[in-house]
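These notes are about the structure you will find just below.
All residue numbers in this chain count up from 1 along the given sequence.
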Amino acid sequence: MLNLLHDWCTRSHLYGLMLRKSVHGQLRSIHQDSWPSVAGNTRSLSAGLYQACGTTLTIAEVLKNLSEPKMDPPTVCLHTFDFLRDLHALGDNNSRRLARQCISHWIEKNGQWSNKPWRSPSWNLDILGYRLCNWLGFYEFFAHSADEQFRKKLTTSIGQQYRFLKRRYLSLKDPLCRFRALKGLIYAGCALPREQNQLGKWIINLQHCLHEQLDDNFNQQSRHPGTVVLLLRDLINLRLLLRHFYAGKIDYLNDCIVRLAPIVRHLRHGDGVLSSFTGNATQRLEAFCDPVLGDGLIDMALSLADSRATLPEPMAMGYARCSTKPGFLLINTKPAGVHTVLHDWHSKATNVLDFEWSERAQ
């Protein structure tokens, strides 16, 4: 009933007045995002191009996609602002100016309350959560050298998106989407003045999200290797952040990190490349994973996880691993959950017995 009432309220232009409360005080400085960028994206940005989900975009096309409400995979990539990591890797004044240009453009096209932007796909809660994390995680990179007008506009927009997310995140049924929304809330709660008292509640809700998507052996429900890597990365980020801003216990987050790390190792080939099984992944899940995954990120995640745990069984997430002298074999042993009718137990539609083979480098 509350969700229906809130949905009805968002149809009015006046709903924007509820989101326009001023942010009092300065944003707190949180840790700088230090995950490695994707080398190909960094090189292409130097040439004025950006790779998003297999699509090459010019800077003009990037700005156009940031102003459009459609949510195809490349546009989802852009609206999360994960490309700030690639701009940060360049680290020059041109990349800072481009970051500010993209953010200002997004706020202008997606932040005017008279246009009811909160009803646009660009305000989808999981996308919004990641956007807040990236804006706050790279704040020192692009905002410290900016003028006061830009910082004020940015802080106002962060406050509006935070208040909308705070009111709506419980409406999300998918626990992975809710987890990403909560990550954004926790980042904003640490950075915004007078909001740290909310952290305890969100950490409890975060644990519920993890319980819903992980089974007793910590297998993630999507069975998508890239999603598991990003989940591990996000948990490591949250652990680092909460150690500085939260005095309570975060034992369950630590436990998840320790138990997810051996699953990620299990899903890598001998040369370190992550397996490309899709599990039950949708296009939306692929859109979140595509622009950020790389060997450097996986190596760093496993190093920071500092886990010596082993798998409780020789199979994880439904993928069996066989090792021989010449190479590795990974086999899918579970049907994809999206299929309701299995005409043939090893048919192409079920993905059962799909496999990946890799040889050791000589």
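- Grouping the Ile, Leu, Val, Met, Phe, Trp and Tyr side chains by contacts below 4.5 angstrom, directly or via other members, places L45 apart from L49.
- In summary, K64 and E61 do not engage in a salt bridge, as defined by a charged side-chain N under 4.0 Å from a carboxylate O.
- Aromatic ring pairs are classed by plane angle as parallel below 30°, tilted from 30° to 60° and perpendicular above 60°; the pair F138 and H88 is tilted.
- Inter-residue side-chain proximity for L87 and F142 is flagged as unmet; no heavy-atom pair is nearer than 4.5 Å.
- Taking a cutoff of 4.0 Å between a charged side-chain nitrogen and a carboxylate oxygen, R100 and D147 do not qualify as a salt bridge.
- Among residue pairs with one or both ends in residues 299-325, those qualifying as ring pair (Phe, Tyr, Trp, His ring centres under 6.0 Å) are F277-Y319; sequence neighbours excluded.
- No side-chain heavy atom of N205 sits under 4.5 Å from any side-chain heavy atom of L185.
- When atom types are taken as modelled, the side chain of D299 and the backbone of G296 share no donor-acceptor pair closer than 3.5 angstrom.
- Between atom CG of residue L199 and atom SG of residue C190 there is a gap of 4.5 Å, rounded to the nearest 0.5 Å.
- Closest of all the heavy-atom pairs between I127 and S122 is CG2-O, 4.2 Å.
- F179 is connected to L170 through a chain of hydrophobic side-chain contacts under 4.5 Å among Ile, Leu, Val, Met, Phe, Trp and Tyr, so both are in one cluster.
- Atom NZ of K166 sits about 13.0 Å away from atom CG of L182, to the nearest 0.5 Å.
- Between V264 and V228, the shortest heavy-atom distance links the atoms CG2-CG1, 3.9 Å.
- No side-chain heavy atom of D271 sits less than 4.5 Å from a side-chain heavy atom of F328.
- Taking CD1 from I186 and CG from D234, the interatomic distance works out to 10.5 Å, rounded to the nearest 0.5 Å.
- Closest non-hydrogen pair, E148 versus R151, comes out as OE1-NH2, 3.0 Å.
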- side chain to side chain contact (heavy atoms under 4.5 Å, CB included) evaluation trace for C256 with F218: CA-CA 7 Å; C256 285; F218 287 77; 3.7 Å; yes

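- Put simply, the side chain of E356 gets close to the backbone of S276: a donor and an acceptor are under 3.5 Å apart.
- Note that OG1 of T80 and CG of L132 are 11.5 Å apart. Values are rounded to the nearest 0.5 Å.
- Considering all non-hydrogen atoms of both residues, P175 and E212 come closest at CB-CB, 3.7 Å.
- Under the 3.5 Å distance criterion, the side-chain polar atoms of S46 are matched with a main-chain donor or acceptor of T42.
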- Message: Between R233 and D33, is the salt bridge (Lys or Arg N to Asp or Glu O under 4.0 Å) condition met? List the steps.
- Response: CA-CA 11 Å; R233 181 203 68 175; D33 187 295; 5.9 Å; no

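- In this structure, R268 contributes its side chain and S275 its backbone to no donor-acceptor pair below 3.5 Å.
- With a 6.0 Å cutoff to the six-membered ring centre and a 45° limit on the axis angle, R194 does not count as a cation-pi contact of Y162.
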- Give the C-alpha distance, both sets of side-chain angles, the deciding distance and a yes or no for side chain to side chain contact (heavy atoms under 4.5 Å, CB included) between T56 and S44. CA-CA 9 Å; T56 301; S44 63; over 6 Å; no

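- Put simply, the side chain of I250 does not reach to within 4.5 Å of the side chain of L238, judged on heavy atoms.
- Using modelled atom types, no side-chain atom of R321 and backbone atom of M315 make a donor-acceptor pair closer than 3.5 Å.
- A side-chain donor-acceptor contact under 3.5 Å links R178 to the backbone of L172.
- Counting only distance, with no hydrogens or angles, the side chain of H79 and the backbone of N65 share a donor-acceptor pair below 3.5 Å.
- Taking the side chain as every heavy atom from C-beta outward, R85 and F141 never approach each other to under 4.5 Å.
- No path of Ile, Leu, Val, Met, Phe, Trp and Tyr side chains, each step under 4.5 Å between heavy atoms, connects L240 with L136, placing them in separate hydrophobic clusters.
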- Begin with the C-alpha distance, continue with both residues' side-chain angles, and end with the deciding distance and a verdict on side chain to side chain donor-acceptor pair (under 3.5 Å) for R97 and N94. CA-CA 5 Å; R97 282 193 287 269; N94 286 335; 2.5 Å; yes

- Stepwise side chain to side chain contact (heavy atoms under 4.5 Å, CB included) test for N332 and R223: CA-CA 10 Å; N332 179 30; R223 302 182 58 242; 2.5 Å; yes

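- Pairing each heavy atom of G189 with each of W202, the nearest pair is CA-CZ3, 4.1 Å.
- The closest side-chain heavy-atom distance from L63 to Q101 is below 4.5 Å.
- Note: L128 CG to N110 CG = 10.5 Å, rounded to the nearest 0.5 Å.
- The CG atom of N237 lies 3.5 Å from the OH atom of Y187; values are rounded to the nearest 0.5 Å.
- In terms of heavy atoms, A309 sits closest to R265 at O-NH1, 4.2 Å.
- Transitive grouping of hydrophobic side chains (ILVMFWY, heavy atoms separated by less than 4.5 Å) keeps M300 and V258 in distinct clusters.
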- Walk me through it: do V62 and L66 pass the test side chain to side chain contact (heavy atoms under 4.5 Å, CB included)? CA-CA 6 Å; V62 167; L66 286 174; 4.2 Å; yes

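- N219 contributes no side-chain N or O that, together with a main-chain N or O of D215, makes up a donor-acceptor pair within less than 3.5 Å.
- Between L210 and L235, some side-chain heavy-atom pair lies under the 4.5 Å cut-off.
- For the pair R180/D174, no side-chain contact is recorded, criterion being any heavy-atom separation below 4.5 Å from C-beta on.
- Under the ring pair (Phe, Tyr, Trp, His ring centres under 6.0 Å) criterion, the residue pairs touching residues 242-273 are H211-Y252, with sequence neighbours excluded.
- A 6.0 Å sphere centred on CZ of R243 holds more than 12 heavy atoms belonging to other residues, nucleotides or ligands.
- A donor-acceptor contact under 3.5 angstrom links the side chains of S157 and Q161, judged on distance only.
- Shown here is K201, whose NZ atom has more than 12 heavy atoms of other residues, nucleotides or ligands within 6.0 Å.
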